[in-house]
Amino acid sequence: MYLTQEEESVLEGEQGPTLQKAMEIITALGEIYGADSLVPVTSTQIAGVSYKTIGDAGLEWISDLDGEVVVPSILNPAGMDLERWQEMGIDASFAAKQLEIIKAYRRLGIRCECTCTPYHIDKTLASFGDHLAWSESSAVSYANSVIGARTNREGGPSALAAALIGKTANYGYHLDENRVPVITVQVECKLKGADYGALGYLAGASIGSDVPIFKLISQPSKTNLKALGAAMAASGAVALYHIHGVTPEADQYESPDNTLIIERSEIDDIFKQVCENGPDLVALGCPHYSIEELERLSRLLDGKTLNKEVWVCTSRAIKRSNPDVIRNIEANGVKVFTDTCMVVSPATERFNCTLTDSGKALKYIPNLCGVRTQLAHMHDCLKGGDVD
Ligand code: F3S
């Protein structure tokens with residue numbers, strides 16, 4: 001892999017041990033995946049924030065680093081709402097460790113908005129054609145597919161390394177040849193709301209890590225695209241997809257003959273997987289809800305009586321800038337949590353069954369929290385599982 005003189009000097013430790021370590025991580029990945037050079041990145045999104053997932057070893061690693069990031073960098077969700085963790089049922093020792101992790105990241109100049117939807121809060125972080133180093137799989141999918149930016153699914157350490165160096169290795173989805181679809185997914189029914197999460201859940205499990213191109217009857221919104229990509233990245237490892245007439249790179253490609261057909265009955269079956277005794281938590285906001293989704297939730301809540309605990313996760317920036325919407329949601333008994341989510345927080349683990357409108361949460365809550373989960377549309381979630 002070609003390195004400039006400046007990059008070589010960083011690798012040799014001439015700019016200190018933190019940058020040397022960061023450069024070692026980036027060049028090691030570049031060598032493994034056959035990169036020809038490094039490429040500058042516009043922004044980074046760094047996973048490995050929840051104390052539940054990184055533990056003391058992760059905290060120690062981040063705390064030992066010094067220096068400052070050189071490109072705009074933002075964090076993935078943490079293990080708790082950084083202010084309202086007691087309401088989530090988080091214990092004080094976990095909270096203390098979590099706050100130490102945030103402090104260690106802040107010391108490196110990272111913006112401590114903890115969200116998997118950075119594109120909802122700052123449009124300058126990713127534009128068409130930008131190279132990025134983002135970590136969280138749904139954010140990676142959205143950046144590649146919906147925005148047309150270019151990022152691999154970075155691990156926490158490699159995204160942090162890219163933040164410190166301002167570059168990543170030029171391989172994978174940074175290259176044109178790896179963005180070409182290799183399978184067509186033909187969906188033979190109209191879709192709405194959580195159908196897109198169910199579709200992603202089904203398609204991802206079949207596709208694995210390939211790049212699909214979809215033929216859809218319905219015209220998806222950006223919210224639908226977020227849900228589809230998140231679920232495909234969870235049940236499979238799809239980091240980039242195209243949809244003819246919808247996503248920005250799709251129309252330069254033909255549909256491959258290799259075709260996966262998905263029918264209405266398969267999507268309906270995903271909604272039929274229910275817990276025996278019904279859900280005891282409704283968990284919305286995976287990925288973090290946008291203001292449009294919060295406004296819809298707020299409208300749906302008016303006049304409803306909730307019969308379950310309901311959480312909705314969003315970013316602190318969206319909560320901060322939309323106080324009236326949040327006030328109305330909370331006045332109706334819903335807890336709006338920021339900085340965290342139902343998967344990376346240990347708080348979900350005390351429940352028996354969650355109800356969600358997310359195909360990604362449907363996959364991850366059972367796997368990562370050990371809690372059974374069922375899927376429903378947003379309006380049905382508010383009925384606590386009593387679906388009409
Ligand atoms: Fe985001 Fe957590 Fe879901 S990080 S995509 S809300 S699992």
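Indexing begins at 1, ligand by ligand and atom by atom, following the structure's order. We count residues from 1, following the sequence as given.
- The distance from atom 1 (Fe) of ligand 1 to the nearest N/O/S atom of His288 is not under 2.8 Å.
- Within the 4.0 Å heavy-atom criterion, both parts of Cys286, backbone and side chain, lie near ligand 1.
- In this pair, Tyr171 and His174 present their aromatic rings perpendicular. The plane angle is above 60°, beyond the 30 to 60° band.
- Proximity to Cys116 (heavy-atom distance under 4.0 Å) selects the following atoms of ligand 1: 1 (Fe), 4 (S), 5 (S), 6 (S).
- Side chain of Arg107 to backbone of Leu65: a donor-acceptor contact under 3.5 angstrom is found.
- Aromatic ring centres of Phe214 and His244 lie farther apart than the 6.0 Å criterion allows.
- In this model, Cys353 has its SG atom within less than 2.5 Å of the SG atom of Cys275.
- Note that the OH atom of Tyr142 and the CG atom of Leu228 stand 12.0 Å from one another [nearest 0.5 Å].
- Nearest protein neighbour of atom 6 (S) of ligand 1, counting heavy atoms only, is Cys341 CB, 3.3 Å.
- Here is the list of ligand 1 atoms found below 4.0 Å of a heavy atom in Pro77: 4 (S).
- Using the six-membered ring where Trp is involved, Trp311 and Phe337 have ring planes that are perpendicular, over 60° apart on the 30 and 60° scheme.
- Residue Val343 approaches ligand 1 through these ligand atoms, each under 4.0 Å from one of its heavy atoms: 7 (S).
- Those atoms of ligand 1 with a heavy atom of Gly285 less than 4.0 angstrom away are 6 (S).
- Assignment of Cys313 to the shell around ligand 1 is not supported, since no heavy atom sits closer than 4.0 Å.
- Close contacts of ligand 1 with Ser138, meaning ligand atoms under 4.0 Å from a residue heavy atom, involve 5 (S).
- Judged by distance alone, with hydrogens and angles left aside, the side-chain atoms of Lys226 form a donor-acceptor pair with the main-chain N or O of His288 at under 3.5 Å.
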